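Note that this is a predicted model, so its numbers are computed, not measured. If you read the sequence from its start, that first residue is 1, and numbering goes on from there. When reading the values below, keep in mind they use all heavy atoms of this one structure, side chains included, and skip hydrogens, waters and symmetry mates.
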Amino acid sequence: MEQGSAREGVRPAYAPGAFSRAPADGRAPECRVPEQARGEQAGVEQAGVERPGGRPADGEQARGEHTHSEPPAPSEPPAPSEPPAPRVVQRHSVRGQILDALRAALVDGELVPGQVYSAPALGARFGVSATPVREAMQRLAVEGAVEVVPNRGFRVSERGPRELAELAEVRALIEVPVMMGLARTVPAHRWSGLRPLAEATVTAAAVGDRAAYAESDRAFHRAVLMLSGNEQLVAVADELHRRSQWPLVSGPATRRADLLADASEHTALLDALVSQDLAVVQALVREHFAGADR
């Protein structure tokens, strides 16, 4: 299911120089203050302030002046203010799009473990400035996918089979008991609703799209674990799952048939869950995670 090694024989989803171009970050139009209709009213006139020549400002009385005019009519209450127009918010920031593309290139093997990449060079590939690339790389550094190299850029982390096996073991400790508990309590129609997600992994595996397979694989597992109602568990398991998909520094190439075999376990697992065959569910789940360190 999780592919840790770099694969050969499959055209990368992001060939060098062919990254998807992110749209330039738009800037809100500049707001200009309108000019005053009359230049002499640019300042605020206060009551009792006389204009040149000793005459009070229009509509004002000099301090202490007596008048026999009728009292002014009570002012009408101000009309209720209209709610402000909603702001237009971008669905995806430039940094978010760059981060997604970098993650896909990492899983797909285009970002090679051990190599150093500079933000300006990657920005040129994406057609953006170095700033959003640097911000996305900083996020990957927090996740452990890359390491910061001062004055040079970012080095893709080098991982061995032992780290991949450890991640698979931790994931099994978290997910297997949860899945077995859900198998006993979740009704069949809820499992049937996950069928499109399982089929998406098969579709991605059939064409050898490693980046698409990694994303659909995580989506399927997230949907299963979300049935537990434990959001913290889902977040932790998803982060471990993502880390298990990073490429190894070296290892055997993964064939398309291997991806298809992993994807078929998702559909077989759903069949067993719908029929509530707990013995088959347990065997499939354990086998699924046992193969995660390949």
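- Between E166 and R171 there is no salt bridge, since no side-chain nitrogen of the basic residue lies less than 4.0 Å from a carboxylate oxygen of the acidic one.
- The minimum heavy-atom distance between V148 and F154, with the atom names listed, is CG2-CE2, 3.9 Å.
- Aromatic ring pairs are classed by plane angle as parallel below 30°, tilted from 30° to 60° and perpendicular above 60°; the pair H221 and F289 is perpendicular.
- With values rounded to the nearest 0.5 angstrom, L225 atom CG is found 9.5 Å from F220 atom CZ.
- Inter-residue side-chain proximity for Q282 and V285 is flagged as unmet; no heavy-atom pair is nearer than 4.5 Å.
- Here D271 pairs with R195 in a salt bridge; the nearest charged N to carboxylate O distance falls below 4.0 Å.
- Side-chain contact between L140 and L99: present, with at least one pair of heavy atoms (C-beta onward) separated by less than 4.5 Å.
- Annotation: side chain of L197 is not in contact with side chain of T201 (no heavy-atom distance under 4.5 Å).
- If you check the side chains of D262 and H288, you find no donor sitting under 3.5 Å from an acceptor.
- Contact check for L227 versus R190: side-chain heavy atoms found under the 4.5 Å cut-off.
- The shortest heavy-atom contact between L273 and A183 is CD2-CB, 3.5 Å.
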- Task: Could you walk me through whether F126 and L102 pass the side-chain contact (heavy atoms from CB on, under 4.5 Å) test, one step at a time?
- Result: CA-CA 10 Å; F126 288 106; L102 286 173; 4.0 Å; yes
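- Counting heavy atoms from C-beta outward, D217 and H266 have side chains that approach closer than 4.5 Å.
- The shortest distance between side-chain heavy atoms of E231 and M226 does not fall below 4.5 Å.
- The shortest non-hydrogen separation linking I174 to V178 is O-CG2, 3.2 Å.
- The backbone N or O of A145 sits less than 3.5 Å from a side-chain atom of S157, completing a donor-acceptor pair.
- Side-chain atoms of L259 and R210, non-hydrogen and from C-beta on, do get closer than 4.5 Å to each other.
- Atom-to-atom distance recorded for E239:CD and S244:OG is 10.0 Å, nearest 0.5 angstrom.
- Interatomic distance, R184 CZ to M179 CE, rounded to the nearest 0.5 Å: 14.0 Å.
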- Give the C-alpha distance, both sets of side-chain angles, the deciding distance and a yes or no for side-chain contact (heavy atoms from CB on, under 4.5 Å) between W246 and L106. CA-CA 7 Å; W246 299 336; L106 184 69; 3.4 Å; yes
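- Here the shortest heavy-atom pairing between G193 and P196 reads O-CD, 3.5 Å.
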- Take V281 and L269, measure what side-chain contact (heavy atoms from CB on, under 4.5 Å) needs, and give me the verdict at the end. CA-CA 6 Å; V281 170; L269 177 60; 4.1 Å; yes
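- Hydrophobic cluster membership for V116: V149 (Ile, Leu, Val, Met, Phe, Trp, Tyr linked by side-chain heavy atoms under 4.5 Å, directly or transitively).
- Checked by atom type, the side-chain pair Q245/R218 shows a donor-acceptor distance below 3.5 Å.
- The structure places CZ of R103 at 13.0 Å from CD1 of I98, a figure rounded to the nearest 0.5 Å.
- Using a 4.5 Å cut-off on side-chain heavy atoms (C-beta onward), V107 and E215 make no contact.
- A donor and an acceptor atom, one from each side chain of Y117 and Q115, are located under 3.5 Å apart.
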